[in-house]
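Just so it is clear: chains get the letters A, B, ... in the order the sequence lines come, proteins before strands, and each one is counted from 1.
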2 protein chains.
Amino acid sequence: MAQKGITLKDVAAAANVSRATAARALNSYGYVGDGTALRVLEAAEKLGYRANLVAQALRSGQLPIVGFIPGDIQNPFFARIAHDIEAELRRHRHNLLIASSEENVEQEKDLLESLRSLSIRGFILAPTSATDSQHIVQLAREGTPVVLIDRVVKEVHCDSVIVDNEGGAREAVDYLVANGHERIGLLRDESRIFTAQERFAGYQNSLESHGIALDASLVSVSRSTVEHAIEATIRLFSRGDRPTALFTVDSLMTQGALLGLRSMGLSIPQDVSLVGFDDFNLATFTDPQITVIAQPTSEIGPLAAKMLLERLAGKKLAPRHTRFPTRLIVRGSVSRLHRR
Amino acid sequence: MAQKGITLKDVAAAANVSRATAARALNSYGYVGDGTALRVLEAAEKLGYRANLVAQALRSGQLPIVGFIPGDIQNPFFARIAHDIEAELRRHRHNLLIASSEENVEQEKDLLESLRSLSIRGFILAPTSATDSQHIVQLAREGTPVVLIDRVVKEVHCDSVIVDNEGGAREAVDYLVANGHERIGLLRDESRIFTAQERFAGYQNSLESHGIALDASLVSVSRSTVEHAIEATIRLFSRGDRPTALFTVDSLMTQGALLGLRSMGLSIPQDVSLVGFDDFNLATFTDPQITVIAQPTSEIGPLAAKMLLERLAGKKLAPRHTRFPTRLIVRGSVSRLHRR
DNA sequence: GCTGATTGTGAGATCGATCTCACATATTTA
DNA sequence: TAAATATGTGAGATCGATCTCACAATCAGC
């Protein structure tokens with residue numbers, strides 16, 4: 001009935017052996033007589049014994065749990081990765097504890113701090129700040145395995161899995177320029193975030209390579225939410241000489257742009273051309289469908305999980321850094337601009 | 001440097017007291033001299049002491065962790081709920097461990113079984129099967145707090161938070177009938193799932209109340225993924241006398257229907273009217289926007305978390321069942337059908 | 001028949017926090 | 001002043017699994 005509280009002691013008693021012997025039989029190590037082992041196994045089976053992982057963790061210092069700290073679990077990008085990590089961990093009998101930083105460094109610090117006392121084995125982390133990183137440095141230095149995804153932090157020496165943000169952004173803007181656009185707006189999020197910096201660099205580099213001067217008034221910064229992006233879009237397009245094209249740095253921004261432009265009565269791609277960073281299911285449901293820079297989302301989670309599991313297994317190597325290429329998916333949101 | 005391994009013993013030694021006294025000072029219980037308490041607190045502060053939660057858990061039998069087992073964390077409905085639960089738990093210094101059942105009962109059982117030995121304090125669960133429930137009954141009987149969301153299971157006596165699936169589905173179909181539709185297709189998922197059953201009942205009841213005979217050939221069953229829903233849609237509409245309207249039981253099905261209909265060159269709402277269960281961000285980005293039955297997604301997570309926390313705090317009450325009403329949001333995907 | 005390895009088993013320590021109990025002093029109360 | 005109560009502290013047990021060590025047996029070799 002009350003299955004609670006069946007301990008090794010109970011099993012040992014039922015099999016008429018000591019706890020030590022029962023442990024040996026169950027974990028098959030050391031010397032145990034054949035008959036004895038059988039008795040123990042049978043007793044364990046009959047009683048429905050399951051080892052108390054907390055007690056094991058107290059001894060070993062490690063719970064079979066890995067922490068995942070994304071910016072926001074509601075972001076489909078992170079949700080997909082969370083799912084993939086979990087599936088991979090499950091195969092190795094580990095569990096996944098998810099806690100969103102909500103893009104707040106302080107919250108990220110608090111989370112790490114509080115999870116540390118839980119004896120979590122390792123972390124997969126999308127750091128909120130590219131600069132405020134002492135807490136991560138500290139964590140890694142203590143020997144806790146950490147894998148950074150989506151974003152890296154300069155001084156931290158650990159494995160990382162990111163994408164070619166600069167190259168992807170450059171390709172997006174190159175494509176707009178190739179279609180005759182020169183007044184290209186940018187919707188970006190706060191510079192604190194690593195990907196924002198890299199994607200902005202790509203934007204700059206593309207313009208520069210085409211001899212187009214950077215016009216700061218075409219760059220709109222906002223928090224990465226649909227609501228903020230709507231406002232930022234409206235700000236950007238409420239002027240006489242509005243941009244002819246827009247590049248958005250993530251999928252939430254792209255959604256905001258879509259809604260902002262629609263509310264202003266501007267249509268895509270007739271009035272404004274649009275390219276977004278990060279592919280998302282919505283992009284193929286709009287009319288026209290949205291041209292995007294796609295990330296290999298499905299590869300990030302499994303790779304990060306594998307890297308972490310290798311570290312947990314004790315593999316000692318120099319930090320490995322994987323940077324996946326991005327891919328331009330041309331759909332219908334960019335039109336060829338004919339010079340006036 | 002190595003912050004690892006600062007235990008109560010270290011603090012006690014630094015403050016020149018016994019472990020017992022140090023514990024009393026830190027957790028403020030029992031008698032402790034003022035000066036002594038101060039010394040302990042200072043020592044703890046200086047050493048950067050953090051209690052080992054695993055050790056605490058071994059004694060108390062409970063880790064400050066709650067398990068969330070959704071059907072699929074990638075489903076925005078569950079992702080939103082996960083986020084809300086986590087935020088609420090954080091306020092009570094609890095963490096959230098997320099493991100998707102992937103709508104697989106066996107996996108759900110395995111997860112529960114393996115998490116049990118982790119001394120998880122309680123569970124928030126969206127059971128995959130409405131009938132195969134012994135594992136949940138067992139869990140609840142052992143005294144582990146459980147809150148069911150989105151779906152309930154008959155014999156299980158525990159708190160639950162669900163929505164009025166039958167009423168919502170009925171309202172959707174009523175609305176289609178009111179617009180002149182009688183050949184109304186249904187895209188539903190496997191009957192094992194509770195919500196599928198209730199929504200199907202709503203569909204049936206609405207038709208019946210309008211004197212429309214149920215035509216089994218208008219009901220298409222598929223797994224709840226976009227891909228499967230596309231196929232099911234194509235199957236349903238590849239016939240001479242195809243339905244004039246379609247009701248889809250969840251947002252993934254709705255997406256599948258959208259893509260399926262598009263691939264067949266059928267346009268909404270001219271050729272087919274559409275109402276979907278569950279509102280989702282994509283619904284307002286399509287042209288026309290999709291008419292849906294909205295669930296109060298933002299209320300489910302916080303309420304479920306609160307219920308669970310009350311149980312964890314020891315509240316003993318009869319199981320509470322909350323059923324939120326749904327709301328029809330009329331957008332542009334339904335057209336008035338003029339009788340031929 | 002005796003030393004030395006091989007095999008099998010249990011007593012007890014350990015991980016870290018907490019709690020019970022016993023034993024001091026200190027302070028009231030009768 | 002004696003008895004009763006309040007206050008402060010430490011030794012040791014406990015939670016459950018695992019590991020070290022000591023101690024038996026059993027078996028081999030000489």
Pairing of B:R39 and B:E42 as salt bridge, 4.0 angstrom limit: no

Within residues 302-318 of chain A or reaching into it, pairs that qualify as salt bridge (charged side-chain N to carboxylate O under 4.0 Å, His left out) - sequence neighbours excluded: A:D159-A:R311, A:E310-A:K315, A:E310-A:R320

Pairing residues for B:P76 by the side chain to side chain contact (heavy atoms under 4.5 Å, CB included) criterion, not counting sequence neighbours: none

Axis-to-axis angle between the two ends of the helix from C:dG1-D:dC30 to C:dA30-D:dT1 (five base pairs per end, rounded to 10 degrees): 50°

Residues in side chain to side chain donor-acceptor pair (under 3.5 Å) contact with A:Q134, at least two apart in sequence or another chain: none

Sugar-phosphate, base or nothing in reach of A:S60, heavy atoms under 4.0 Å: nothing

Nucleotides bounding contact with chain B, strand DNA chain D, heavy-atom threshold 4.0 Å: D:dT7 to D:dG16

Partners passing side chain to side chain contact (heavy atoms under 4.5 Å, CB included) against A:E102 (at least two apart in sequence or in another chain): A:S100, A:Q107, B:H83, B:R90

B:L58 or B:A37, whichever maps to the more 5' nucleotide of DNA chain D: B:A37

Summary of salt bridge (charged side-chain N to carboxylate O under 4.0 Å, His left out) pairs that have at least one residue in residues 60-83 of chain B, sequence neighbours excluded: B:R80-B:D84

Residue closer to the 5' end of DNA chain D, B:G33 versus B:R59 (nearest nucleotide): B:G33

Pairs meeting criterion side chain to side chain donor-acceptor pair (under 3.5 Å) with involvement of residues 10-20 of chain B, two or more places apart: B:S18-B:T21

Contact check, side chains of B:E108 and B:I136, non-hydrogen atoms, under 4.5 Å: yes

B:V11 side chain reached by B:L47 side chain, heavy atoms, under 4.5 Å: yes

Under 3.5 Å between N/O atoms: give me all the protein pairs with nucleotides 4-7 of chain C, atom names plus distance.
{"unit_1": "C:dT7", "atom_1": "OP2", "unit_2": "A:Y31", "atom_2": "OH", "d": "3.3"}

Min side-chain heavy-atom separation B:I81-B:T297 under 4.5 Å: yes

Close side-chain approach of A:N75 to A:P70, heavy-atom, < 4.5 Å: no

Partners meeting side chain to side chain donor-acceptor pair (under 3.5 Å) with A:S129 (sequence neighbours left out): A:T131

Summary of side chain to side chain donor-acceptor pair (under 3.5 Å) pairs that have at least one residue in residues 146-155 of chain B, sequence neighbours excluded: B:E103-B:R151, B:S133-B:E155

Those residues of residues 15-27 of chain A lying under 4.0 Å from DNA chain C by at least one heavy atom: A:V17, A:S18, A:R19, A:A20, A:T21, A:R24

